[in-house]
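Because the structure is a prediction, the values reported are computed rather than measured. Proteins get letters first, then strands, A, B, ... in listed order; numbering begins at 1 in each.
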Amino acid sequence: MTVRTRFAPSPTGYLHIGGVRTALFNWLYSRQHGGQFVLRIDDTDQQRNVQEALQPILDGFRWLGIDWDEGPEVGGPCGPYFQSQRGERYRDAAQQLLHSGFAYRDYARPEEIQAERQAAEREKRSFRYSRRWMAQDDRQAAEFESEGRSAVLRLKMPTEGQCCFNDLIRGDVAFQWSDEQDHVIQRADGTCLYHLASVVDDHDFGITHVIRAVEHLSNTPRQWFIANALGWQSPQFAHLPYVAEPGSSQKLSKRKLAQYLKNVDFRKLFEHGQQIAERIGLAVSADTFHPVIVDFYRQVGYLPDALVNYLLLLGWSLDDRTEHFTRDQMIQSFSLERVNRGPASFDPQKLVAFQDRYMRSVPVQAKLALVMPFLQQANLVDDAPSDVILQRVVRIAEAAGDRIKVGGDILDYDDFFIADDQLSYDPNAWQKRLVKPPQAQELLTRFRQRLAAWEDFTAEGVEHLMQQFIQDESIGIGQIIHAVRVAVTGKAVGFGMFETLAILGREACVQRIDIALQRLAPAPS
RNA sequence: GGCCCCGUCGUCUAGCGGUCUAGGACACCGGCCUUUCACGCCGGCAACACGGGUUCGAGUCCCGUCGGGGUCACCA
């Protein structure tokens, strides 16, 4: 039997990081067994612009390299893959359940159910619907209808015994049937509810393994019951632990951003991204642009492989030391048996560590591709950049090395793309390196003279020049180099100074130093 | 509250009765390197929730307690 797994997102407009983890495990499992991974859209709730709300989700999966064999945009033999288009199928199943006696027409009004529920609560006993408005037959149904009532379809759940199934992650699990409710499967208007739809789809799509978050564990008995009542065998279940908040064991939620921001690591991650978004003029919404949503990482220039590798290890491990996995290795090594049962909390620092490590092995050309869009969106380079510019970006990327943690970090080097007289200066650095040291101005002036006459403008050449300079002046290199950095880049920090000067070129360096000197001591008027 | 799940360093985890004075990774703290930043290198801190059993022997098995969480819709 071919393994078929699925992920069933609701079109909400964004892709949650926990959802991706679930999807990833499904994907890995199907790939490992040479099976298929199906994307099904749970839109029984009926929103107007499903397509619009779905796009970011599909884009997210594509970006992550999680491809689906059947589903939206790719089709497949079991379509349609949108629940909103499968209503007829669900109604048929509901009818079948009604006719076979596994479901009944219930004419209770919502208030009446509510009253029963409250009574149960008052008496401190667990609630179970009395079936008082259950229609025994058509005659009784007509009677209820004459009272102006309308019917929903409820599952006629067993009242004794237990539902046992084997969870691939949790082992044998058992629930008492007596604890279950007669769940509604179809509304009065004929539309069907999630549990029915889900079971029907899993069957129709030939899903063999339902790998999903643990919050569905307690839903499993009713789904198991539906499948059984319909004469089907339930798929195998595997309930994943949820992804928890940073430093807590509560479920990670997209709605608690304000609270997560109190966590320093989370905030750092967030603010770093926000800064990049700001620099490229990205209009971000606080609802969808933050570290719980996958799109955040894409827009800031993370490597999808790093994210995926991090997520893989959130609740799963191979052994006591392997942490780095290529896609093929993941597919090879993954197993549900080694998924943990406890929740794993989202750790921004560890994610960043993975990103760092992956970034280090990205070849220059790939790094160039990662980084260019940011320079373009920030209007620092043309959309059709010249070879000279491309060369310059490559040199910067190489010189910056692992200082570029994410694609957007290239913007830390915006000074290489700004006109000499447009440079802005870090006020603290300006003060500390140019204003405060008594000799800074003189030294910079003299160094500028040497620089202007210097031929060999390679990094090595410039270094040689400076070495000679500090020797002649009998100073430490620290006394000049920081002043030069601030004058030439406006910043307190950056990569190697000689490389910086070399990339900028003599003309720009001299010009920038002149501008700085002028700004430092304007000519008396 | 009922039902269910979970409980090893701050975090992710290894551990499937003896090799555990509990291993790795990230973070953290020292030190080295150093023109800043970043990296790198060396070293360090740090955990079996608790209490009973079972056993020659328990992080590992059983029970209980405590703690954390999930779920209880005509949402998905």
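Atom CZ of A:Phe498 and atom C1' of B:rU34 are 12 Å apart (whole Å). When rounded to the nearest whole Å, the span between CE of A:Met497 and C1' of B:rA38 equals 16 Å. Summarising the geometry, the separation between CD on A:Glu180 and P on B:rG2 is reported as 17 Å, rounded to the nearest angstrom. A:Glu121 has its CD atom 13 Å from the P atom of B:rG1, to the nearest Å. The CZ-P distance, from A:Phe237 to B:rC5, rounds to 16 Å in whole Å. Rounded to whole Å, atom P of B:rC37 lies 19 Å from atom CD of A:Glu499.
Counting only N and O atoms by type, the side chains of A:Gln51 and A:Gln55 include a donor and acceptor under 3.5 Å apart.
Ionic pairing of A:Asp202 and A:Arg40 is present here: one or more N-O contacts between side-chain nitrogen and carboxylate oxygen are shorter than 4.0 angstrom. The pair A:Asp415-A:Lys491 meets the salt-bridge criterion, since a charged nitrogen lies less than 4.0 angstrom from a carboxylate oxygen.
For the P atoms, the distance from B:rC26 to B:rG44 is 16 Å, rounded to whole Å. Nucleotides B:rC41 and B:rA58 place their C1' atoms 40 Å apart, quoted to the nearest Å. The C1' atoms of B:rC16 and B:rG59 are separated by 11 Å, rounded to the nearest whole Å.
Taking CD from A:Gln355 and OH from A:Tyr302, the interatomic distance works out to 6.0 Å, rounded to the nearest 0.5 Å.
The side chain to side chain contact (heavy atoms under 4.5 Å, CB included) test applied to A:Thr326 returns A:Asp328, A:Gln329, not counting sequence neighbours. By the side chain to side chain contact (heavy atoms under 4.5 Å, CB included) test, A:Glu442 pairs with A:Arg446, sequence neighbours left out. Every side chain to side chain contact (heavy atoms under 4.5 Å, CB included) that A:Ser150 has, sequence neighbours left out, goes to A:Ala188. Under the side chain to side chain contact (heavy atoms under 4.5 Å, CB included) criterion, A:Lys405 pairs with A:Asp356, A:Asp409, not counting sequence neighbours. For A:Trp68, the ring pair (Phe, Tyr, Trp, His ring centres under 6.0 Å) criterion is met by no residue, not counting sequence neighbours.
Residues in residues 178-205 of chain A take part in these ring pair (Phe, Tyr, Trp, His ring centres under 6.0 Å) pairs, two or more places apart or across chains: A:Tyr81-A:Phe205, A:His203-A:Trp232. Counting only residues at least two apart or in different chains, side-chain hydrogen bond (donor to acceptor under 3.5 Å, both in side chains) contacts with residues 105-116 of chain A comprise A:Arg105-A:Asp138, A:Asp106-A:Tyr129, A:Asp106-A:Arg154, A:Tyr107-A:Glu145, A:Glu112-A:Arg149, A:Glu116-A:Ser130.
Taking a 4.0 Å limit (strictly below) on heavy-atom distances, residues 263-272 of chain A does not reach RNA chain B anywhere.
Each of A:Ser126 and A:Phe354 has a nearest nucleotide on RNA chain B; the 5'-most of these lies closest to A:Ser126.
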(message) Within the 4.0 Å limit for protein heavy atoms, which parts of nucleotides 70-76 of chain B are touched? Write it as a string from 5' to 3', B for base, S for sugar-phosphate only, - for none.
(response) SS-SBSB
(message) Walk along nucleotides 6-16 of chain B from 5' to 3' and tag each nucleotide B, S or - by protein heavy-atom contact under 4.0 Å, base first, then sugar-phosphate.
(response) S----BBSSS-
With 3.5 Å as the limit, what N/O pairs link the protein to nucleotides 39-45 of chain B?
| from | atom 1 | to | atom 2 | distance (Å) |
| --- | --- | --- | --- | --- |
| B:rC39 | O2' | A:Asp402 | OD2 | 3.0 |
| B:rG40 | OP1 | A:Arg360 | NH1 | 3.1 |

Identify all side-chain donor-acceptor contacts of residues 428-435 of chain A below 3.5 Å with residues at least two apart in sequence or on another chain.
none

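Note on ring orientation: taking the six-membered ring where Trp is involved, the planes of A:Tyr358 and A:Phe354 are tilted (angle from 30° to 60°).
Within a 6.0 Å radius of CZ in A:Arg131, more than 12 heavy atoms belonging to other residues, nucleotides or ligands are found.
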